[in-house]
Amino acid sequence: MSSSSASSLGPPATNPAYIAKEEDFLKLPEELANIDWSRPISWGKHSPYPPSSFSSADDVDDAMTTPTSLASTAPPLPIRPVNSPPNFRPPHPALDFHVHATSGRARYATLHLRHGPVSTPVFMPVGTKGTLKGLSTADVTRSEALDNRIILANTYHLALQPGTELIRWVGGGGGLHDFMGWDRNILTDSGGFQMVSLLKLAEITEEGVTFENPFKGVVGNDDDGVDDDGRTDDGRDRDDDASTSRKRPRLPPSSPTNASHSERMLLRPEDSIYHQNNIGSDIMMALDDVVSSVAVDPTRFRIATYRTLRWLDRCFHAHQRPNDQNLFPIVQGGLDTSPGGLRDICLAGFRLRDDKAPGYAIGGLAGGESKDDFWRVVDHCCRALPDMKPRYLMGVGYPLDLVVCTALGVDMYDCVYPTRTARFGVALVDGEAPGTLRLKGHDCASDYRVIMEGCGCAACRDSNVDDGGGYTRARLHAMLKNGNPLAVSLVTHHNLAYMMSLNRRMRAAIEGDAYGEFAISFVRKQYRGKENGGQEVPSWVKDALDAAGIKLHA
């Protein structure tokens, strides 16, 4: 059966074998009963990444990384030359991950997917509904300053509008790639984050999550009131994505009813994977049970962690296109990084399912938790997860966070921050924390410099020509004050160009084995210290870099 015909049958029924009874919600999964929680939960580890307590070959239980002796160190990480061709083969025939260089725990790699290679570390812009607000596909692909190789779209929003059956059908089997005219890679979120961002509209059970339709009762208004990351907006930021147009072609008679026509939407693991198979994303995320990181309900966190493992099995079972699409599990467990704690429990469950997972995501963060808790969870997960598979930190997009977390071993990021902040007239720039320029501010009204010298974005790139081209800060200030949408597009282009430039600088530093020096320089530019008229480096940045082997104290 072809992938197209399989997906047209609709999502599979829930297998009762994966459903727990309510009285068992707080019971440790049976497959984890014999785990020795006194030892680090890690697998597939190589030097220089294993936990400090790595002590024997038993800690290296991945078939790809079996040492020949019970040495106290892990085998070196296999290094592949840049531009090595991919070898798509089982058990993960749609992904090949090549590490080219390391610098401390940071690594420069290529993630080979069906729609081309992606260099990492990489920031993925968020195009929730199949488009980046304010930019066309050509803006993203034809600009040397951007040249994005992968973007993110959201399953929940696409299932509501315009409907994933329509995307698959109109796309001629090519899914969202053809629907939006995008020949590069796409990653789709599962819809799990909406359990937090749209919690007031959600009812979470063992079966799945049922959402009240946010479009219900909205007639003749293309603003859905839901912003890029699923948070409801306040009217300042209208959602005008072209993909939400209500003038849709007639669906084929066999297609299921579009979710946007219903008052309630049930999203089970099987539904999430069905929609993502329709979308045709290169990387799909498993539906997880997400709890806000700042919640104070240990029982809810434990239920969610165990349920995430059960839902992962249902996602794997429902996945119809493993030869084309990759399904990543998402590590949950709140902020509990204690030995045998909830993060360890989730990681241990993933270790038992590693043959089915081509890569992993770290979830449940960027929700208001302290930065100290944030980096410790990232560090804990990177020390555990296998080194020959990509690690994706979800929902993180502040430049400083990328620099720090790359030092800890993260490869992939996404966030609405660069595009959303552009819509408020805020540009990302190098220099003093927080590394932003408020173009609507009075200081920019008579500032005739471009946003950032040397930037190749659509706003800055002409600044060095003889006629002094480019959009000055003063001009952008006036345009933004007058509500000119071109200004928003230009600042969006700049912010994404800044993020892509940061990615390239990080990769170059890793390739030259100078990432520590790069990270220190980046941090010192943002935090000059009180003696130099600036701010002191936050303690969490010092501690995180120290954990990565980068000394910032001297």
Side chains of [X] and [Y]: does their closest heavy-atom pair fall under 4.5 Å?
{"X": "I41", "Y": "I35", "result": "yes"}
{"X": "V378", "Y": "L365", "result": "yes"}
{"X": "L327", "Y": "I283", "result": "no"}
{"X": "C382", "Y": "V410", "result": "yes"}
{"X": "R184", "Y": "I150", "result": "no"}
{"X": "I362", "Y": "H380", "result": "no"}
{"X": "P121", "Y": "D411", "result": "no"}

Counting the benzene-type ring for Trp, do Y413 and Y392 have ring centres under 6.0 Å apart? no

Does R353 make a cation-pi contact with F316, if we ask for NZ or CZ under 6.0 Å from the ring centre and within 45° of the axis? no

Looking at every non-hydrogen atom in both residues, tell me the closest pair between [X] and [Y] and how far apart they are.
{"X": "I204", "Y": "W311", "answer": "CG2-CH2, 4.4 Å"}
{"X": "L385", "Y": "Y360", "answer": "CD2-CG, 3.7 Å"}
{"X": "L267", "Y": "S190", "answer": "CD2-O, 3.7 Å"}
{"X": "P269", "Y": "C315", "answer": "CB-SG, 3.7 Å"}
{"X": "M285", "Y": "F328", "answer": "CE-CB, 3.6 Å"}
{"X": "P93", "Y": "P322", "answer": "CG-O, 3.6 Å"}

Flag yes if more than 12 heavy atoms outside [X] fall under 6.0 Å of its [atom1] atom; otherwise flag no.
{"X": "R149", "atom1": "CZ", "answer": "yes"}
{"X": "Y18", "atom1": "OH", "answer": "yes"}
{"X": "E23", "atom1": "CD", "answer": "yes"}

By the definition side-chain contact (heavy atoms from CB on, under 4.5 Å), identify the one residue from L287, I19, I273 that meets it with R314. I19

Can any side-chain N or O of [X] pair as donor or acceptor with the backbone N or O of [Y] at less than 3.5 Å?
{"X": "R321", "Y": "N277", "answer": "yes"}
{"X": "R307", "Y": "R302", "answer": "no"}
{"X": "R105", "Y": "L408", "answer": "yes"}
{"X": "T164", "Y": "I167", "answer": "no"}
{"X": "K133", "Y": "T419", "answer": "no"}

For [X] and [Y], which I'm curious about, is there any donor-acceptor pair between the side chains at under 3.5 Å?
{"X": "Y306", "Y": "R310", "value": "no"}
{"X": "D96", "Y": "H98", "value": "yes"}
{"X": "T308", "Y": "D288", "value": "no"}
{"X": "H46", "Y": "D387", "value": "no"}
{"X": "Q325", "Y": "D282", "value": "no"}
{"X": "Y417", "Y": "D401", "value": "no"}
{"X": "S370", "Y": "D372", "value": "no"}
{"X": "T305", "Y": "Q332", "value": "no"}

Go through D271 and R268 one step at a time and tell me if the salt bridge (Lys or Arg N to Asp or Glu O under 4.0 Å) criterion holds. CA-CA 5 Å; D271 299 311; R268 304 170 300 145; 2.9 Å; yes

Quick one, D354 with R351, criterion salt bridge (Lys or Arg N to Asp or Glu O under 4.0 Å). Give me CA distance, side-chain angles, the key distance, then yes/no. CA-CA 5 Å; D354 183 69; R351 184 172 63 178; over 6 Å; no

What do the steps show when you test D313 against K356 for salt bridge (Lys or Arg N to Asp or Glu O under 4.0 Å), and what is the final call? CA-CA 10 Å; D313 289 333; K356 298 179 181 179; 5.2 Å; no

For the residue pair F374 and W540, categorise the inter-ring angle as parallel (less than 30°), tilted (30 to 60°) or perpendicular (more than 60°).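 The arrangement is perpendicular - the two ring planes meet at more than 60°.
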
Under the salt bridge (Lys or Arg N to Asp or Glu O under 4.0 Å) rule, what do D24 and K21 come out as? Steps first, then yes or no, please. CA-CA 5 Å; D24 296 330; K21 297 179 181 178; over 6 Å; no

